[in-house]
Amino acid sequence: MTYPPIRKEPGSFALQPNMPDYQECRSSFTWDSVRSELDGLAGGNGLNIAHEAVDRHARGPLRQKTAIRWLGKNGELLDLTYGDLMEQSSRFANILSSLQTARGDRVFCLAGRVPELYIAALGTLKNRSVFCPLFSAFGPEPICQRMVRGDGQILVTTERQYLKKIAPLVERIPSLRYILLTDAKDHRSEGVLSLSRLMADASSDFTILPTSSDEMAILHFTSGTTGMPKGAVHVHNAVLTHYLTGKYVLDFHRDDIFWCTADPGWVTGTSYGIISPLAHGVTSIVDEADFDAERWYRILEEQKVTIWYTAPTAIRMLMRAPDELRRRFDLSRLRLVHSVGEPLNPEAVIWGERVLGLPIHDNWWQTETGGIMIANYPSEEIRPGSMGRPLPGIEAAIVRRGENDGVEIIETANEEGELALRPGWPSMFREYIHDEERYRKCFVGGWYITGDLAKRDRDGYFWFVGRADDIIKTAGHMVGPFEVESALMEHPSVAEAGVIGKPEAVIGELVKAFVVLKEGIPPSEELRLELIGFGRTRLGSAVAPKEIAFVDNLPKTRSGKIMRRLLKARELGLPEGDTSTMEGGGSR
Ligand code: AMP
């Protein structure tokens with residue numbers, strides 16, 4: 001079903017949007033004008049994200065303003081002002097330099113949404129080291145692969161994570177020099193230190209050294225269909241995109257209270273859970289706890305949240321809660337709701353209007369783009385089901401691969417093709433770490449090919465169609481089937497595994513594995529449960545398969561690649577499509 005556009009009357013805004021007219025803004029836009037709204041390091045010493053996000057405000061009238069309000073899962077509340085954040089991140093930067101951590105060295109964080117994570121992220125950037133977040137629900141395998149690939153030297157984590165996951169891995173990560181425990185009272189050993197002790201002894205003065213806008217600042221891992229996770233490298237210049245999208249998409253005004261529900265283990269939680277709101281000097285809410293409908297409504301009310309950035313899975317979970325629950329809370333402060341990460345059902349946009357009193361603004365981007373690229377803007381009409389239009393400064397197109405490594409732009413409205421962006425925006429990823437070939441392959445005929453299939457309508461709105469590859473999006477998180485298959489194959493009973501995303505109403509897709517057992521091992525319910533447990537222990541709950549089915553063999557191409565597309569079609573009872581490349585000539 002198609003829903004009519006949601007039009008906004010110019011007089012209906014609680015606050016005049018920062019971008020009153022999309023076309024006008026797009027036609028006069030320059031990135032230089034964005035740069036001129038930022039500060040830069042004193043003396044023309046370059047651009048550093050942490051300076052733009054924190055120090056410049058802490059040294060000005062916003063010093064006493066709450067930068068981050070942290071809500072602990074057990075009811076604790078901690079306010080960090082811009083001044084506090086500057087001092088604490090400076091302490092952390094001093095700790096790094098005292099541990100001989102240099103420019104470009106990788107500092108990994110494996111922790112839930114605790115204040116130390118935010119301090120470590122900003123302190124790392126100040127020290128010109130590289131912030132590399134890991135999701136706290138990762139199991140040992142995803143952690144190890146990412147840390148090895150990213151040459152992790154420092155790891156900031158909690159005692160629990162350390163004991164459960166890291167201690168047994170240390171030998172496998174040769175680059176790792178120090179582990180800093182956020183909640184340990186005392187140092188454990190020469191290499192395993194108490195962060196609070198180090199913080200207490202460190203100086204709160206730190207001068208950021210000259211930083212090139214093109215030097216590596218953040219390393220975010222994302223999943224691929226083949227091979228191991230890809231480490232997308234972002235540079236300090238990315239703050240231009242974070243700032244611009246904060247201004248035009250999220251529509252930050254100085255008195256806003258912003259809540260981004262994403263975990264910094266994923267790119268949204270870093271770009272918009274840390275950098276963008278701080279770069280605008282607004283107050284950000286950080287909630288340590290996981291989703292809970294009542295808790296979330298209470299936070300919106302009690303914290304007087306004005307702008308909320310969340311994800312379709314969470315919205316669908318809220319849609320399942322009774323409307324009566326919502327009515328118990330006063331959400332009158334809320335003026336904008338945004339969503340990202342997966343397709344947002346048009347019904348959800350309408351539900352937002354009906355139940356929250358506000359339509360939901362969908363936007364699109366990915367780890368590689370570093371920031372929002374396509375969006376529904378506060379001042380513009382929303383087309384429910386559409387991701388919106390490209391940001392000023394961003395050229396997007398629907399393309400088809402042509403002859404000789406070229407691409408052809410599809411001009412016809414509503415025709416499906418690959419979503420592509422013209423390279424060169426400030427937060428564009430600059431490499432996949434240690435994988436030049438894979439990086440190069442993303443650029444074809446002068447375009448960055450995103451891996452998504454989409455359509456563009458007559459008025460330039462983009463509509464998501466699906467992934468062009470086998471990557472699974474589960475509860476908003478990318479999961480690479482290869483990573484899951486490899487882990488399952490380490491089980492002594494497994495000969496082979498093929499992994500797909502099976503559509504699911506709330507979390508979008510769930511990870512399902514088809515397993516071929518070794519000769520002579522009979523399938524059983526017991527073994528199925530054992531494999532589910534094995535997957536969880538190895539991979540962690542965010543990545544592990546939730547369903548496992550035993551099969552006699554997996555469909556493969558003649559070159560031996562698992563045809564996950566076919567596994568999926570069979571699972572869903574859909575036509576099998578072109579099976580000409582299949583082993584055995586395509587017959588089953
Ligand atoms: P990640 O790199 O984990 O942020 O995932 C990026 C991918 O998530 C994109 O390439 C899309 O496949 C999907 N995605 C992100 N935002 C949207 C959206 N608004 N609508 C549909 N898919 C989305």
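Just so you know, ligand 1 is whichever comes first in the structure, and atom 1 is the first atom listed for that ligand.
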Identity and distance of the protein heavy atom lying nearest [atom]:
atom	result
atom 8 (O) of ligand 1	Lys473 NZ, 2.9 Å
atom 13 (C) of ligand 1	Gly341 O, 3.5 Å
atom 3 (O) of ligand 1	Met478 CG, 3.0 Å
atom 11 (C) of ligand 1	Asp452 OD2, 2.9 Å
atom 21 (C) of ligand 1	Pro343 N, 3.2 Å
atom 18 (C) of ligand 1	Glu342 O, 3.4 Å

Are [X] and [Y] close enough for a salt bridge, meaning some N to O gap below 4.0 Å?
X	Y	answer
Glu415	Arg400	yes
Arg7	Glu380	no
Asp459	Arg389	no
Arg113	Asp263	yes
Arg383	Asp457	yes
Glu436	Arg440	no
Glu431	Arg438	no

Can you tell me which residue pairs pass the ring pair (Phe, Tyr, Trp, His ring centres under 6.0 Å) test with a partner in residues 347-366, sequence neighbours excluded?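 Passing the test, one end in residues 347-366: Tyr272-Trp365, His338-His361.
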Heavy-atom contacts with Arg467 under 4.0 Å: which atoms of ligand 1 show up? List them by number with element.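 Contacts of ligand 1 toward Arg467, numbered from 1: 10 (O), 12 (O).
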Suppose I only count heavy atoms of Met387 and a 4.0 Å limit; which atoms of ligand 1 are within that range?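 Listed by number with element: 20 (N).
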Contact check: [X] vs ligand 1, nitrogen or oxygen atoms, below 3.5 angstrom:
X	result
Glu368	no
Gln366	yes
Ser339	no

Considering only heavy atoms, which of Asn363, Asp469, Thr367 lies nearest to atom 4 (O) of ligand 1? Thr367
Return the CD1 to NZ distance between Ile507 and Lys473, rounded to the nearest 0.5 Å.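 If I round to the nearest 0.5 Å, the distance is 13.0 Å.
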Atom CG in Leu300, atom OG1 in Thr310: separation rounded to 0.5 Å?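 If I round to the nearest 0.5 Å, the distance is 9.0 Å.
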For [X], state whether at least one heavy atom is located under 4.0 Å from any atom of ligand 1.
X	value
Leu344	no
Gly451	no
Asp362	yes

Side chain or backbone of Trp266 under 4.0 Å from ligand 1, or both, or neither, by non-hydrogen atoms?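 Neither part.
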